[in-house]
Every structure is written in C-alpha cells, then in structure tokens.
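Worksheet for the structure shown next.
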2 protein chains.
Amino acid sequence: MSTVAIPRGTDTKERLLRAAEGIFGRHGYAGTTLRAVTAEAEVNLASANYHFGSKEALVMEMLRQRVAPINEERLRLLDEAKRKAEFGPIPLEDILEALIMPLGGAARGQDGTDLSFLQLVGRSFSEPAEFMRRVHDTFFRELAEVFMGEIRRSCPQATEADLWWNLHFAINAMLGSLSQCRRVEAMSNGICEAADLDGMLNRLVAFLANGFQANTPPSRTV
Amino acid sequence: MSTVAIPRGTDTKERLLRAAEGIFGRHGYAGTTLRAVTAEAEVNLASANYHFGSKEALVMEMLRQRVAPINEERLRLLDEAKRKAEFGPIPLEDILEALIMPLGGAARGQDGTDLSFLQLVGRSFSEPAEFMRRVHDTFFRELAEVFMGEIRRSCPQATEADLWWNLHFAINAMLGSLSQCRRVEAMSNGICEAADLDGMLNRLVAFLANGFQANTPPSRTV
DNA sequence: ATGTGTTTAAAACATAAGTTTGAAAAGGCA
DNA sequence: TGCCTTTTCAAACTTATGTTTTAAACACAT
C-alpha cells in the first residue's frame, strides 16, 4: 500500500512532510488524514499538530517546499531562454519548456521516477477545498503574470483574450495530463508509458505549442 | 450560498439528485455531505439513504443521469460528422466538436448557464476517491474507444502512441479547462468571460485541433 | 548531577458524517 | 372506512478525524 518507507533516523518534522507528500498525491486533501500521515511517517499522531499547528499548515508547508524550487527553476529556464533569444521574442516552444520541464526534474527522485508527485501538483490545482485555492493563488498567480509577459511578446498578433484563453488551456492540459498520466496507460492498453517522463513531457510541449498557434476563429453556431 | 432554490412540489428523489449535482460540482465528492444535500433539497436526512441506499449510490445515479445523455449526444454528433464526411475520414475538428460541444448544451439549463455543471464533469475525472475511478471507467472507457477509432482513420500517418497521447492531452485539457473556467477570468482580470460558453468551447476546439497536429518529435534531452 | 526547555507519547475530547431505527404521516385500494 | 404499503421524520448510533491535554522521555547547558 505505502510507497518506499521513509528511512529511520530522519527527524520527525521531515518525516511528516515526506509522508504527507505521498498521501496527498494519492488521496487528495480531504483524503489526507493526520492518522494516515503519522502512521506512514511512523511518528506519534500529536506530533503533526505539535510541529505544524494544524493539518492545513502541514500541507501548506509541504507544498511550499515542493513547489517553490520548481517555480524558481521555471523562472531560471525562462531567463535562460530570454538570453538565448537575445532579449527578443522567445520561441513559444521554449517558453512552454520552461513551464513544463521543471516538473520532470522534480518527479525524478533518487529512487526512480515518482509519478505521485505529478498527481500532487495536479491536485493542488483541482482540489475543491477552499484553502487550496488560496494556496494556489499564493504560488502561481505571479508566475502566470511573468510567463504571460513573455508569451505576449512572442505572439504580438494575438489579442489578450486569445492569449489568456490559450494559456488557460495549456496550464490545464499540463496539470491534468501529468496528474492523470496513469490513465493513458490503461486507455491505450500499455502502448503509452508514463514512466517515460521525457517522452511524455516532450509530447506535451509539442502539443501545446501547436495549440497555441490557434488563432481563435470567430464564434460560430453549432 | 446556494444556487437557485429547487422548486417545491418536486418529489424527494428528484430533489436529492438536483441538490447533489450542485454540491458535488462545487465541493467535490468528499465535500458532498448528505446533510448538506438534504438541507439544500429541503428534505429529511434519512431520505437519502432510504431512496438510494448510500451516498455512493446517490452520487453514482446523479452522474449517470447527467453523463449518459451527454455521451449519447456525443455519439450522435460523431455519427452525423461521419455521414457528412461520406464515411471517409472525419476532419479532426469535427471529431473534437462532437466530443466537446455536448458539454455546452448540458451546461445551458433553463435558468441560464450553469458553470458548476462543468465543474461536476471535471471532478468526475480528477476526484481521488476510489469509487470515482470506477464511475469513470463505467462511463468513458467505451466512449474513448469509439472516438479513437475515428481519430485513427483521420490521422493515418501517426503512430498509435502519438494518437493516444494526444487524445489524453485533449481530454485533460477539455475537462480541466472547463472545470476551472472561473479561474481564467481571475487570471485575465476579467478579459476572458467564462459565461460566453460558445466562445470558450470554440476556442478550445481550435486549440486542441491544432495540438493534435503535433507530430511528436523524437525524444530530446533537456 | 541537576534543572530547563524541547520533543514524544498515550489518551481523551469535540465535532462531523454516514447510517440505522422506530414511530408517525401519507397514499392507495378493497 | 379500514388496512396495507410507502414515505417522511426526529433521534440516536457508530465511526472517523482534527485537536488538545498531561505526563514522560530526551537533550543539553550549567
């Protein structure tokens, strides 16, 4: 049932964060019970509240530690692409790569690929819990603005509405597809392999880069 | 807090299904409590178990009643497109329209556009609850096969892996984007309007049709 | 060694939620 | 009307879960 056991000797706070990560990824916020987390972490139930104050605070801290480095890497890659483009418009594909590829790096732990981490990121977006919305605003609103700035420069012919809609589609395709990547294996009867992270991410980037080139046609009746 | 009140006179079973619909859409499966549902339906708490046997059965029945007509409409549109193409390969855009447009019709109730219905559909995909996975397999596995059959005929040059991955991206973009369509309004500071259902769906179809044309490039290192 | 602040432990508490129960009310039919 | 079935209702039951409490164990400086 559980994933790789958390090594003994690790201090309690760290063990809690690690256990929360796996359980949140697999079962979502509501399904993350402190009893399950403390059991997997092999620590006492009360220690969760002792160290973090509340379940919300524990999950928030876990997300912060996991998401912050990814966003830093995203901005770093975006900056790198900017310099590569000599501060002119960045090719859209490079922008999307900067957004997407850091997720691959983060999912590749020391003990192989951890797909439940991708679920975790996806859930942080789709969770209905009210406080998760705040979480997301905290971590992603500013990032979206920065990326939108570059996208705008790269697609001068598109309207603002076009760009925001396309970014919306891209973000949701990214989070949904990665979060649910196990499903494509089942659907395709094993032809697609989610464990091939690079393959998956490259396909995703190509798909979204193409999608972005859609100049939205005028509304038509269906 | 609640949406439009459910008209009195409606029989209990119907009231429960309608209330469950709105609450499930807004708060997900775990957040759908029988107490909240029966309160919104203005019926007694015990009636949920009396009429449906369990919370799972109530939600399942609600989903069945909502999803089944959509899938029928999807197959009808696909068939229509097939005949329009004189039983040759169907244009990819038409296939995607058959998949997506019925969601718009379903979200347009008698009292205006009901965006929470789109959330409902999206959640039925992303919910971590184990039984929701079964729900989904029940309703969508066969549908995916049928659509894949047509997609395959329309893209003879692509590999099976290409097609399944692209379909995966498209489905997740569709469900995620529609489910979270409120967010694009916030992100764009009101430039994008989710209430304009036709506009949103047309943009989505265009985006995905373009994305599908991505011939996945060979894996490259990043 | 002793005292002090920190961490862990077991148990209890309070609340929320799915379900069950038994009686009352409503509906239908001879 | 009288009888039977179906439905509604209020209340209780059971379990799950976040949180708190109190004491013991521990770490470490004096």
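A note on names: the letters A, B, ... follow the listed sequences, proteins ahead of strands, and every chain is numbered from 1.
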Side chain to side chain contact (heavy atoms under 4.5 Å, CB included) between M148(A) and I151(A), worked out: CA-CA 5 Å; M148(A) 184 42 122; I151(A) 291 171; 4.2 Å; yes
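With rounding to whole Å, M60(B) atom CE is found 18 Å from dG18(C) atom C1'. Regarding R15(B), its CZ atom lies at a distance of 10 Å from the P atom of dC9(D), rounded to whole Å. Here the P atom of nucleotide dT22(D) and the OH atom of Y50(A) are 17 Å apart, to the nearest Å. Rounded to a whole Å, the CG atom of N44(A) is 16 Å from the P atom of dT21(D).
Under the side chain to side chain donor-acceptor pair (under 3.5 Å) criterion, the residue pairs touching residues 183-194 of chain B are H136(A)-R183(B), Q180(B)-R183(B), with sequence neighbours excluded. Pairs of residues two or more places apart, or lying in two chains, that qualify as ring pair (Phe, Tyr, Trp, His ring centres under 6.0 Å) and include a residue from residues 169-201 of chain B are F207(A)-F169(B), W165(B)-F169(B).
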Using a cutoff of under 3.5 Å, can you pull out all pairs of nitrogen or oxygen atoms linking the protein to nucleotides 15-19 of chain D, with atom names and distances?
from: dG18(D); atom 1: OP1; to: K55(A); atom 2: NZ; distance (Å): 3.1
from: dG18(D); atom 1: OP2; to: L34(A); atom 2: N; distance (Å): 2.7
from: dG18(D); atom 1: N7; to: R35(A); atom 2: NH1; distance (Å): 2.8
from: dG18(D); atom 1: O6; to: R35(A); atom 2: NH2; distance (Å): 2.9
from: dT19(D); atom 1: OP2; to: N49(A); atom 2: OD1; distance (Å): 3.3
from: dT19(D); atom 1: OP2; to: K55(A); atom 2: N; distance (Å): 2.9

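Judged as a salt bridge (charged side-chain N to carboxylate O under 4.0 Å, His left out), and not counting sequence neighbours, the contacts of K82(B) are E150(B).
The phosphate of dT7(D) has neither OP1 nor OP2 within less than 4.0 Å of any side-chain N or O from T12(B). Between H51(A) and dT6(C), a side-chain N or O to OP1/OP2 separation shorter than 4.0 Å is absent.
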Return all side-chain donor-acceptor pairs below 3.5 angstrom for residues 46-54 of chain B, not counting sequence neighbours, or 'none' if the list is empty.
from: S47(B); atom 1: OG; to: N44(B); atom 2: O; distance (Å): 2.5
from: S54(B); atom 1: OG; to: A57(B); atom 2: N; distance (Å): 3.1

Show which side-chain atoms of residues 121-128 of chain A pair as donor or acceptor with protein atoms under 3.5 Å away, not counting sequence neighbours.
from: R123(A); atom 1: NE; to: G25(A); atom 2: O; distance (Å): 3.1
from: R123(A); atom 1: NH1; to: S126(B); atom 2: O; distance (Å): 3.1
from: S124(A); atom 1: OG; to: V121(A); atom 2: O; distance (Å): 2.7
from: E127(A); atom 1: OE2; to: Y29(A); atom 2: N; distance (Å): 2.8

